[in-house]
Every structure is written in C-alpha cells, then in structure tokens.
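The block underneath contains the structure these notes are about, expressed in structure tokens.
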Amino acid sequence: MTYLTHLECSLTQQTYDANQLIRLSNAGQPLLARYDLAKARAELDRDEIMHRPASMWRFHELLPVSDPDCRITLGEGGKPILKLTNLGRTLGLTQLYMKDEGQNPTGSFKALGLAAAVSRALELGAKEFVIPTAGNAGGALAAYAARAGVTAHVYMPSDAPLINIMEVQMSGADLHLVNGLINDAGREAAEAAQEGGWFDVSTLKEPYRVEGKKIMGYELAAAFDWQLPDVIIYPTGGGTGLIGMWKAFDEMEQLGWIGSHRPRMVAAQSEGCAPVVKAFHDGAEMTGTWENASTLAGGLRVPAAIGGRLMLRALRDSGGTAVAVSDGRIIQAQKQLASQEGTFVSLEAAATVAVLEELVAQNWINPDERVLIFNTGNGLKHRILLT
Ligand SMILES: *Cc1c(COP(=O)(O)O)cnc(C)c1O
C-alpha cells in the first residue's frame, strides 16, 4: 500500500503519471514523487510505524512500491544513530551524533536508493538495468538485481576501489570498466541503455532512488523523538541523500509529524572536486562542471550533478553552508574517528568530520547544538593503506 499519487518536475512543477517507467521530465530535470499527504496524515500513526520491524520498508506507505511482492530487500534501513562522545569532547561539542549507514547491505547507503528504484522499476515492468557509478551504487545495483533475478550492467571508472569491482563481478552483473570519471561512465551507460532497451538508474535521472534515501530523514527524526537536530553534515556527491532528507522533512511537516524547525544543512566535499561548494559561495543557482576532478573519496568525485539546483536550494533554505576539505585532512579524520570511536567509516564520511572541525573552528557551530554527521559507507570498502 502506498499514498503515491503522481510525479512532479522539480523545476516546472508540471505533473506526470507515476504509473509509467519514466526518467526525467520534459524539461530534462529530476522528477520528484508526490503522495496524498493529507490522507496519510489522517490515517498514518508515526508511533505505530516505529513499532514495525526496523527496515526502510516500515515506511512503505510513503515509498512508491504498491505491491509488497515487488519489494526487493536485503535488510536495508533502520541503521543506528551513535553518540560520538569522545570526538565530541575533543571538539568541545556536547551533542554530536553519527547516523551509521555503513551498516547497510553492500556496505553503503546506496542500498536504500537502489532497493527503492529497482523494486519500483520491476513493478512497472523493467527487465534489465544499467548504471554509471563511482563504485558503491554499482555494487548495490548488482546485489539487488541478483536478488530480483534480473540483469544489471554496471559502468565504473577503472580506478574504482577493488572491492567495488569484486562485488559487481561476484553478483554476476555485466561490468564495464571505463577510462574516465563517473560522467564518462554515464555517457557510455546512456548509449548502452538506448541500444539495449535497459532501464538507466543514474543518480536523480529516475524518480525513486531519492525516495529510498529520504527514509534516512524519517529515521533520524524518529530517533530524536521528532525534534530535528540543529546541524546535519552530509558528504555530497550527486546529492540524493541531501535532497532526499530535505524532501522527507517537508513531507513530515505536512504529515504533522514535525514542526517547522529545520537543521542547517551542510554539504561536505573534497577540495579535489567541489562543484557544490563553489556554486554555493558564488551565489549560483546551479552547479557547474568541475574540471580535472580528483579525490580519494570516490563517492564525492562527481564533477557534474543534475541535482545541483535542488541541493543548493536545500542548503540555502536551511541556512546551511558548503565546505571543502583536502584529502589529507579526510584521511586524518578517518583515522581519528576510528581510533576515538571504533567506527571505521568511508573516506566520504570522514570528510564530514574534517568539515565539522572547520566549522567548529569558525564558531559556525555552538558547543551545545545537536549535530548529526553521516557515515554513508563502511571503511572496509576502501583499499587505501596509511603509511
Ligand atoms: C555515493 C556516495 C556518496 C555521495 O552520495 P550522494 O547522496 O549521491 O551525494 C557519499 N558517500 C558514499 C560512501 C557514497 O557511496
């Protein structure tokens, strides 16, 4: 059962039938799923939902899949928020938390988005999938496609982490290593999709990966007893997590589950690829293309993001900001978090710690504010050795 009603162009607000396999709007922009939230408000009980088994799918009424048999699941969602007491003490913060999405199937939060997108596309008749990826999204698609018994074609930079290459091969997906970055992989994937008639689940180029990722917003609200934190720092590549959470906050307010208070949303990027940081501080409406993108944090190596406008809107409407840090500081922060808290997080997530340090130093964050950082992937997925 779902309250999904239609899709809406994120730029023009033109509406589209949700019961069709569709990717972008006629304006070439991301489509966002819309639900009958007035009806949901009258019928749904947030406390009853939180008593269901911990899973992304406990929010199924607010996800796009209507037939329970179409839900492809590996146990995604319901991952914990950990209080970071030791790191908090070091930084002089009394309320520092981390939502640990690295505990998801395939070791990253990409599982949330791809569980939703694959399930919904299968419900609408898709038979074969294709994805361009920095690594983790390909691993997640390969796993969910294997579970569904359908074929996945994965286009990945040839310098992606070895573990991503392995997980795609192990799942039996068709792997293409591309000389170049995720946008080069995107071009090859799009051509192959056209030829093969495959469904392309590129970031924000179909409406439902963002729906899976928005569940992180619902979960964090519930974990803080429906009082959103003051600051959220998020490692930002294509932006689905940021955009999804921002959408979830809006939906929850319409559902009467939360009030109008919003966290200041912060995008964390690497200095080697920081198109969101640049556009934010330039006052631009849309992100540009970052030339010669280079960072060890593969998930942040997204030189051109179709969701740029939506990300910038969320950052600005929330009173947030965008900060880039060097790879050197990211590596240091990864070690610091692991040694102080026992949490070995991905390099992307370590960027949020380095950004946090920067914002504390600037007094942009007050000592008693409630701050939430995101671990988006397990540190075990990298192959970087500290020397
Ligand atoms: C993909 C990825 C990101 C970036 O996520 P977006 O929501 O696309 O901005 C961050 N961290 C990890 C580990 C990733 O795999």
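Numbers for residues simply follow the sequence, beginning at 1. Ligands are counted one by one from 1 in listed order, and the atoms in each one are counted from 1 as well. On a predicted model such as this, the values are computed, not experimentally measured, just so you know.
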In a table with atom names and distances, give each donor-acceptor pair under 3.5 Å that connects a side chain of residues 125-139 to protein atoms at least two apart or in another chain.
{"from": "Lys127", "atom 1": "NZ", "to": "Gly125", "atom 2": "O", "distance (Å)": "3.4"}
{"from": "Glu128", "atom 1": "OE2", "to": "His153", "atom 2": "NE2", "distance (Å)": "2.8"}
{"from": "Glu128", "atom 1": "OE2", "to": "Trp198", "atom 2": "NE1", "distance (Å)": "3.1"}
{"from": "Thr133", "atom 1": "OG1", "to": "Gly135", "atom 2": "N", "distance (Å)": "2.7"}
{"from": "Thr133", "atom 1": "OG1", "to": "Ala137", "atom 2": "N", "distance (Å)": "3.3"}
{"from": "Thr133", "atom 1": "OG1", "to": "Gly138", "atom 2": "N", "distance (Å)": "3.0"}
{"from": "Asn136", "atom 1": "OD1", "to": "Asn164", "atom 2": "ND2", "distance (Å)": "3.0"}
{"from": "Asn136", "atom 1": "OD1", "to": "Lys381", "atom 2": "NZ", "distance (Å)": "3.0"}

Evaluate whether atom [atom1] of [X] has more than 12 neighbouring non-hydrogen atoms of other residues, nucleotides or ligands under 6.0 angstrom away.
X: Gln254; atom1: CD; result: yes
X: Asn292; atom1: CG; result: no
X: Lys247; atom1: NZ; result: yes
X: Asn179; atom1: CG; result: no

Atom-level proximity to ligand 1, residues with heavy atom under 4.0 Å: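 Protein residues near ligand 1 are Phe109, Lys110, Asn136, Lys213, Tyr234, Pro235, Thr236, Gly237, Gly238, Gly239, Thr240, Gly241, Gly299, Ser346, Glu348, Thr376, Gly377.
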Salt-bridge criterion met for Arg264 and Asp230 (N-O under 4.0 Å):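 Salt bridge between Arg264 and Asp230, a charged N being under 4.0 Å from a carboxylate O: no.
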